[in-house]
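Just so it is clear, the structure is predicted and the values come from calculations on it, not from any experiment.
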Amino acid sequence: MGRKVILDSDTASDDTIAILLSSRLFDLLGVTIVAGNVDYDSQVKNCLFSLEYFGCSDVPVFLGSKRPIMGQWRTVPEVHGKNGLGDWDYPEPKKIPEKEDAVDAILRLSREYDGELEVLAISPLTNLALAYLKDPSIATRVKKVWIMGGAFSRGNTTPFAEFNFWVDPEAAKIVLDAGFDVTIVPWEVTEEYGVIDTETWKKIETMGTKLSEFFVRANRTLRDFSISQGNPGSVHPDSLTVYLAYDNSSVIESRRLRVDIETCSKTRGGMIVDWYSKENANAEVVLKADGKKFRDALLSILSSF
Ligand code: BDR
């Protein structure tokens with residue numbers, strides 16, 4: 001059996017590809033849903049539909065927080081389409097979410113797989129922060145937390161803040177100070193190494209598999225948006241993070257650093273990195289990754305059925 005993971009997701013476009021990769025590369029114990037990208041019910045439906053489509057109907061979906069711990073946020077339909085999947089009018093999923101709440105499921109699984117469970121957090125960190133607040137000893141049981149979030153030089157939501165940290169900066173702060181073994185894949189790194197350029201997109205478009213069709217439909221709006229922001233193709237922060245979690249050798253450069261989160265006014269959600277002091281380091285920050293290995297692995301999975 002593979003490594004045991006939970007994927008925490010605000011399911012829209014690239015989150016679905018992260019779900020696909022985690023179902024193929026790990027033993028995916030469940031997907032937990034949290035407020036973020038688009039309206040909550042669409043996120044839930046996107047997740048249920050994706051799992052069914054990928055042949056993973058047995059993977060449980062747990063409903064988590066419907067809002068950040070504090071403050072207001074806005075959804076980003078301009079990035080993912082109104083329903084989060086490029087407005088693809090897909091069939092109604094038959095699968096339904098579990099009755100158990102996401103926070104309770106995270107805590108239960110951390111006990112069942114004590115020292116083994118890894119969390120792939122590709123969304124605002126509300127669920128994990130709430131799990132920690134309910135039972136701080138979770139930090140000693142979870143083996144590793146991979147976080148897609150934060151920006152150290154250019155935010156994608158405000159000049160300072162990346163979306164996931166901006167939606168719930170208090171949660172990000174709680175998780176970073178909790179004592180988990182954390183690796184962060186920041187926005188800038190995903191913009192550089194997680195891009196599906198036009199040539200690769202065309203390969204996927206002409207592949208003719210069920211999964212390649214899914215990829216194109218679910219990520220069409222994301223691609224248009226990414227290109228409008230000056231990228232050479234669609235940016236895939238969530239699936240890159242899942243891939244790096246699986247294949248650590250694809251992390252080309254990372255540093256152990258002190259990371260703090262700004263929770264005030266105009267810089268709210270900003271990631272403050274202390275690049276010089278070695279004291280109180282609380283996260284490994286990925287700085288360079290192997291984008292080609294990520295793209296090759298994605299193409300291979302998309303061609304499988
Ligand atoms: C992050 O925000 C979301 O829109 C993406 O799914 C990703 O998790 C990028 O800032």
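- Panel note: side chain Glu192, backbone Lys288; no donor-acceptor pair is recorded below 3.5 Å.
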Query raised in the report: Are Leu298 and Leu21 close enough, and set up right, to give a side-chain contact (heavy atoms from CB on, under 4.5 Å), and what steps lead you there?
Result: CA-CA 8 Å; Leu298 179 64; Leu21 295 192; 4.1 Å; yes
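- Side chains of Ser254 and Glu284: a donor-acceptor N/O pair is present below 3.5 angstrom, by distance only.
- Of the N and O atoms on the side chains of Asp8 and Thr32, at least one donor lies less than 3.5 Å from an acceptor on the other residue.
- Heavy atoms from other residues, nucleotides or ligands lying under 6.0 Å from CG of Asn248 number more than 12.
- Clustering ILVMFWY residues whenever any of their side-chain heavy atoms sit less than 4.5 angstrom apart, transitively, puts Leu85 in the very cluster that holds Leu20.
- With hydrogens and angles ignored, the 3.5 Å screen pairs no side-chain donor or acceptor of Asn282 with any backbone N or O of Gly179.
- No path of Ile, Leu, Val, Met, Phe, Trp and Tyr side chains, each step under 4.5 Å between heavy atoms, connects Val285 with Met148, placing them in separate hydrophobic clusters.
- With a 6.0 Å cutoff to the six-membered ring centre and a 45° limit on the axis angle, Lys210 does not count as a cation-pi contact of Phe305.
- Not one N or O on the side chain of Arg3 forms a donor-acceptor pair closer than 3.5 Å with the backbone of Phe26.
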Requested in this report: Apply the test side-chain contact (heavy atoms from CB on, under 4.5 Å) to residues Leu244 and Phe294: give CA-CA distance (whole Å), side-chain angles for both, the deciding distance (0.1 Å), then the verdict.
Outcome: CA-CA 8 Å; Leu244 296 180; Phe294 161 64; 6.0 Å; no
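- Counted by atom type alone, Asp197 and Thr200 present one or more donor-acceptor pairs between their side chains at under 3.5 Å.
- Side-chain atoms of Ser137 and Thr140 include no donor-acceptor pair closer than 3.5 Å.
- Among pairs with a residue in residues 161-174, those fulfilling side-chain hydrogen bond (donor to acceptor under 3.5 Å, both in side chains) read Thr126-Asp168, Glu170-Arg268, Lys173-Asp260, at least two apart in sequence or across chains.
- When ring centroids are compared, Phe152 and Trp275 come within the 6.0 Å threshold.
- One N or O on the side chain of Glu52 and one on the backbone of Lys94 form a donor-acceptor pair closer than 3.5 Å.
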Report task. Applying side-chain contact (heavy atoms from CB on, under 4.5 Å), run through Asp114 and Arg141 and close with a yes or a no. Result -> CA-CA 5 Å; Asp114 192 345; Arg141 290 190 301 273; 3.2 Å; yes
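- Residue pairs satisfying the side-chain hydrogen bond (donor to acceptor under 3.5 Å, both in side chains) criterion with at least one member in residues 293-305, sequence neighbours excluded, are listed as follows: Asp247-Lys293, Ser249-Lys293, Lys292-Asp296.
- Between the side chains of Thr11 and Gln43, no donor N or O sits under 3.5 Å from an acceptor N or O.
- Annotation: Tyr53 is not in aromatic contact with Tyr90 [ring centroid separation under 6.0 Å not met].
- Ring geometry for Tyr246 against Tyr243 counts as tilted: the plane angle lies between 30° and 60°, on a 0 to 90° scale.
- Of the N and O atoms on the side chains of Asp39 and Ser42, at least one donor lies less than 3.5 Å from an acceptor on the other residue.
- Between Lys144 and Thr183, the side chains place a donor N or O and an acceptor N or O closer than 3.5 Å (distance only, hydrogens not considered).
- Judged by distance alone, the side chain of Asn83 and the main-chain N or O of Asp89 form no donor-acceptor pair under 3.5 Å.
- Taking the six-membered ring for Trp and the full ring otherwise, the centers of Phe215 and His236 sit less than 6.0 Å from each other.
- In this structure, Trp146 is a member of the same hydrophobic cluster as Ile19, with clusters built from ILVMFWY side-chain heavy atoms closer than 4.5 Å.
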**Report entry** Evaluation steps, side-chain hydrogen bond (donor to acceptor under 3.5 Å, both in side chains), between Asn127 and Ser65
**Finding:** CA-CA 6 Å; Asn127 286 340; Ser65 189; 5.0 Å; no
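- Inspection of the Arg223 and Ser234 side chains reveals no N or O donor paired with an N or O acceptor under 3.5 Å.
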Requested in this report: Give the intermediate values and the outcome of side-chain contact (heavy atoms from CB on, under 4.5 Å) for residues Lys45 and Glu92.
Outcome: CA-CA 8 Å; Lys45 205 169 129 186; Glu92 201 64 34; 3.4 Å; yes
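- Counted by atom type alone, His80 and Ser13 present one or more donor-acceptor pairs between their side chains at under 3.5 Å.
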